[in-house]
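Chain naming here is simple, since letters A, B, ... match the order of the sequence lines and numbering starts at 1 in each.
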Amino acid sequence: MIRKAPALRDGDFCLAESIAILLYLAEKFQTPDFWYPADLQQRARVNKYLSWQHMAIRMHGSKMFWLRLFIPKVLGVEVPQDKLDAALEDLNGSLKLIEEKFLQDRPFIAGDHISLADLVAIVEVMQPVGSGLDVFEGRPKLSAWRDRVQEAIGKELFDDAHRTIMGSQEAVKLMDGSKMQVFKPKILRLFL
Amino acid sequence: MELYLDMHSPPCRLVFLFAKAVGIPFEFKHVELSAGQHYSEEFGKISMIRKVPVMKDGSFILTESIAILKYMVQKYSSSVADHWYPADLQQRARVNEYLSWQHMNIRAHASKVFLLRAVFPVIMGSEVPKEKMDAAVEDLNQSLNLLEEKFLQNKQFIVGDKISLADIVALIEIMQPLGTGLNVFEGRPKLSAWRERVKKEVGEKLFDEAHEVIMKVGSLPEKMQNNSQLEMLKPKFQKIFR
């Protein structure tokens, strides 16, 4: 009844919230330890990222996507430059923290191996990329991490998962803005 | 174990409350947010994110209250009762679902209402525009509706018959605007009844002790006004209020 995606239904058990779903899947299918390490401190590092990201990269990356693409191109509302600038500043702040605090000089967020934290991070970082903003430009550390994540997941799977978002700039040209008008007030209130 | 806390902050109250409720020993290290202490060089060495709470266990430093709670549960698993973070797959998922959802909902909205009522006038030098205040309260009400209708339903606690991390995470956030004189429990008997159950499980005296500072928050604006760090703090708050 939260009416958001993703949602999981396993038998008659329904679950919302991607983080909760990831943890459920890791536990139920007893996935390899590195995804959500049993080690106290390593697990804490993953949990720390999973918690921090909600009000940081998730919010800022998502906002860029809305401000650059959906609001102007689909809703037909002009976005003031100062709002765009402020959103970019916030996004840059989050990306900086990912590099300096969460990655530092480690190959992945938790250490030597990929974990849920890297998955959660990469998908949010890719969101503004879908709107045509190359967040990896001028960020060699972030780019190198992205390459490692892609390799660990498998490039084909990675590209497959991002096909929709990377096609956004084209997709919005075909979207019927009139169908979205009912959401307009809420969207504008949230982002503008 | 050291916990760096300012009891005005809901996530700080959360880790304080849980640690005390389950008997985890720690040293309370006070960080005065209204004095900008979190921007000090000393605190920067503890955490570069410059937020509270921070846990220091030996040489291991951990931020993010949700991560700290889970760390405590895991480290002290032999003495922390299962119901706090159930081992059962589906029950644990329900706790995680709430812990995830709350960041951008109850936490964000209750925090915004609190900041608008308690801090806005000091920072911006004027009263909160009615439209802004109304919108913030409306968002909070919608979150509270979802808390009651989706997460609590007709259960005693969020997960079922027993209290879990989800209940304390929820309640300490809802308490935030209370000290500014906004009674969010008014007209919500289901929520009030749940609050009483949670307080009883945690221990009423402990709960009240944790909320002593926030219930006296009326004096916060004056405290901030007289503080030499106010000019430094202003731009940081202005960003939230714009």
Side-chain angles (χ1 to χ4, degrees), chain A residues 1-4 7-8 10-30 36-56 58-59 62 82-83 86 89-90 93-94 96-97 100-102 104 117 120 185-186 189-190, chain B residues 11 47-51 54-55 57-77 85 87-105 107-108 111 131-132 135-136 138-139 142-143 145-146 149-151 153 166 169 239 242:
Chain A
M1 70 173 277
I2 290 181
R3 298 194 178 278
K4 290 193 179 189
L8 170 141
D10 193 7
D12 53 10
F13 179 66
C14 292
L15 188 63
E17 294 296 315
S18 62
I19 304 297
I21 292 170
L22 286 175
L23 295 175
Y24 176 86
L25 292 175
E27 181 60 36
K28 178 167 178 175
F29 293 95
Q30 294 289 293
Y36 194 51
D39 174 75
L40 182 66
Q41 290 189 8
Q42 288 209 298
R43 179 165 288 199
R45 276 197 194 94
V46 177
N47 282 335
K48 178 174 70 177
Y49 186 81
L50 297 186
S51 173
W52 171 84
Q53 59 92 27
H54 287 273
M55 295 289 281
R58 167 147 179 71
M59 192 166 67
S62 165
D82 66 323
K83 294 272 180 193
E89 200 190 317
D90 286 339
S94 282
K96 188 162 188 265
L97 272 170
E100 292 175 19
K101 153 103 190 142
F102 291 99
Q104 293 177 17
V120 171
K186 187 160 185 192
R189 206 157 69 86
L190 267 173
Chain B
S47 169
M48 67 173 281
I49 290 187
R50 296 187 176 283
K51 289 191 178 187
V54 181
M55 177 202 85
D57 193 15
S59 60
F60 183 63
I61 291 177
L62 186 61
T63 56
E64 294 295 316
S65 61
I66 303 297
I68 294 171
L69 286 180
K70 290 188 179 184
Y71 177 92
M72 287 178 174
V73 166
Q74 191 180 345
K75 180 170 178 180
Y76 295 93
S77 57
Y85 194 48
D88 173 77
L89 183 66
Q90 290 188 5
Q91 292 204 308
R92 178 165 288 199
R94 285 275 164 260
V95 177
N96 284 331
E97 186 185 55
Y98 185 79
L99 296 188
S100 173
W101 176 83
Q102 60 92 31
H103 286 275
M104 298 277 286
N105 293 280
R107 168 148 177 71
S111 167
E131 212 180 84
K132 212 179 179 76
E138 177 56 30
D139 284 339
Q142 285 189 12
S143 282
N145 290 343
L146 269 172
E149 292 163 31
K150 149 59 194 178
F151 291 98
Q153 293 172 16
V169 169
K239 262 187 100 177
R242 86 181 157 221

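- Only the side chain of B/Lys70 comes within contact range of chain A, judged by heavy atoms closer than 4.5 Å.
- A/Leu97 touches chain B through its side chain: at least one heavy atom from C-beta onward sits under 4.5 Å away, while N, CA, C and O do not.
- By the 30° and 60° cut-offs, the orientation of the rings of B/His103 relative to A/His54 is parallel.
- Scored by the side chain to side chain contact (heavy atoms under 4.5 Å, CB included) test, A/Glu27 finds A/Gln30, B/Leu89 as partners (sequence neighbours excluded).
- Counting heavy-atom pairs closer than 4.5 Å to chain A, the top-ranked of the candidates B/Lys51, B/Gln90, B/Lys75 is B/Gln90.
- Neither the backbone nor the side chain of B/Asp57 comes within contact range of chain A; no heavy atoms are under 4.5 Å apart.
- Judged by distance alone, with hydrogens and angles left aside, the side-chain atoms of A/Arg43 form no donor-acceptor pair with the main-chain N or O of B/Tyr71 at under 3.5 Å.
- For B/Glu131, the CD atom is loosely surrounded, since the number of other residues' heavy atoms within 6.0 Å does not exceed 12.
- For A/Gln53, no part lies near chain B; criterion is any non-hydrogen pair under 4.5 Å.
- Between A/Tyr24 and B/Asn96 there is no side-chain heavy-atom pair separated by less than 4.5 Å.
- With chain A as partner, the option from B/Leu146, B/Ile66, B/Leu62, B/Leu99 having the largest number of non-hydrogen pairs under 4.5 angstrom is B/Leu62.
- Annotation for A/Arg45: atom CZ counts as buried by contact number, over 12 foreign heavy atoms lying within 6.0 Å.
- For A/Ala38, the part lying near chain B is the backbone, with the side chain staying farther off; criterion is any non-hydrogen pair under 4.5 Å.
- Interface remark: A/Arg189 contributes side-chain atoms only to the contact with chain B (heavy atom separation under 4.5 Å).
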